[in-house]
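Throughout, protein chains are lettered first and strands after them, A, B, ... in sequence-line order, and every chain is numbered starting at 1.
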Protein chains: 2
Amino acid sequence: MATPPAPHPLPEPLIDLVAQRFRVLGEPMRIRLLDHLRDGEATVGELQTALHASQQNVSKHLGILHGAGLVSRTKRGTSVVYAIDDPTVFELCDQVCGGVRQRVADLDALLQA
Amino acid sequence: MATPPAPHPLPEPLIDLVAQRFRVLGEPMRIRLLDHLRDGEATVGELQTALHASQQNVSKHLGILHGAGLVSRTKRGTSVVYAIDDPTVFELCDQVCGGVRQRVADLDALLQA
DNA sequence: CTACTCTACAACCGGGTACTTGTGCTAATG
DNA sequence: CATTAGCACAAGTACCCGGTTGTAGAGTAG
């Protein structure tokens, strides 16, 4: 039951959910957070120093990612540890990376010609 | 050279491009347009009536999709025909649909318990 | 040439969101 | 108990973006 192909046409509520998930991934800061968590779990402070961002901002974006079910939140002492909870995001990123690169290559080819 | 795995850590410019592409897909109207174009090419007017949206709005979103390289634009008489130009978007949607469904199922399971 | 159709562009407005600042809460430490 | 560290929440501000309105250009018909 890995992933049945998406129904077509997409029912309206599903469209909103899909768009919402895409929108969550549509922020560079959140992409950076996910990319960093690819190396393993990390606390807010660690991500803060690694990404050179304010603690509040990091916490906020992590909260959004957690609300979308993409990362897990675990209290450990005074710290809070976040970790990837939905590994499929990396497949998404890989695909998008491929698409973006192809797009860039095409544009570059047009300039060369 | 289908799709080499994304580099890690993601270089900064690529992060922005990825986020930008995700953001393009983060609008219900654009998802609807892409979903409709899955049946084949269509003119602005056809999409307008099919989606019950204003001509300007449809044209605007199609312009964004075209700018992102996701759809192609072809003039045919007075009309303009749009078509899917990057079929990978459907794989993305399928994956996201799967993730969203899984997420919803998990939440539902929590409520049942 | 005139009128109509189809589409794209520009200006505007309201809502949403990212980032900052300030603050409160919890847990560990002495 | 008092202090400090770590994190989340709330308010404020600036900005971006989606939708509407108005309009201009290209193509076709009469």
Which pair of heavy atoms, one from [X] and one from [Y], lies closest together, and at what distance?
X: B:T88; Y: A:Q95; answer: O-NE2, 4.0 Å
X: B:C97; Y: A:L14; answer: SG-CD2, 3.9 Å
X: A:T43; Y: A:S79; answer: CG2-CB, 4.0 Å

Side-chain donor-acceptor distances from residues 63-74 of chain A under 3.5 Å, at least two apart:
{"from": "A:H66", "atom 1": "ND1", "to": "A:V71", "atom 2": "O", "distance (Å)": "3.1"}
{"from": "A:S72", "atom 1": "OG", "to": "A:A83", "atom 2": "O", "distance (Å)": "3.4"}
{"from": "A:R73", "atom 1": "NE", "to": "A:Y82", "atom 2": "OH", "distance (Å)": "2.9"}
{"from": "A:R73", "atom 1": "NH2", "to": "A:Y82", "atom 2": "OH", "distance (Å)": "3.3"}

Start at the 5' end of DNA chain D and walk down; is the nucleotide closest to A:R73 or to A:K60 reached first? A:R73

5'-most by nearest nucleotide on DNA chain C - B:V80 or A:Q55: B:V80

Toward the 5' end of DNA chain C, by each residue's nearest nucleotide, A:M29 or B:V81: B:V81

Select base, sugar-phosphate, or nothing to describe what [X] touches, counting heavy atoms under 4.0 Å on all strands.
X: A:R30; answer: sugar-phosphate
X: B:E27; answer: sugar-phosphate
X: B:S59; answer: base

side-chain contact (heavy atoms from CB on, under 4.5 Å) for B:Q20 and A:V100? Distances and angles first, verdict last. CA-CA 10 Å; B:Q20 182 180 345; A:V100 168; over 6 Å; no

Under the rule for side chain to side chain donor-acceptor pair (under 3.5 Å), what residues qualify as partners of A:R103, not counting sequence neighbours?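 If we apply the side chain to side chain donor-acceptor pair (under 3.5 Å) test to A:R103, skipping adjacent residues, there are no hits.
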
Let me confirm one number: the CG-NE2 distance from B:L10 to A:H36, rounded to the nearest 0.5 Å.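 NE2 of A:H36 is found 13.0 Å from CG of B:L10.
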
Would you check, one step at a time, whether the test side-chain contact (heavy atoms from CB on, under 4.5 Å) holds for B:I84 with B:R38? CA-CA 7 Å; B:I84 298 293; B:R38 201 167 190 167; 5.8 Å; no

Contact boundaries of DNA chain C with chain B (under 4.0 Å, heavy atoms), 5' to 3'? C:dC6 to C:dC9

Which range-with-range stems can be found for DNA chain C when each stem has 3 or more Watson-Crick or G-U pairs in a row and both distances sit under 3.5 Å? C:1-30 with D:1-30

Cluster overlap A:V44 with A:V81, hydrophobic side-chain contacts below 4.5 Å: no

Sequence neighbours excluded, every pair satisfying salt bridge (Lys or Arg N to Asp or Glu O under 4.0 Å) that has a member inside residues 11-23 of chain A: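 Salt bridge (Lys or Arg N to Asp or Glu O under 4.0 Å) check on residues 11-23 of chain A returns A:E12-B:R32, A:R21-A:D86, A:R23-B:E27.
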
B:N57 pairs by side chain to side chain donor-acceptor pair (under 3.5 Å) with which of B:H61, B:K60, B:Q55? B:H61

At the 4.0 Å heavy-atom cut-off to chain B, mark where contacts on DNA chain D begin and end, going 5' to 3'. D:dG18 to D:dT28

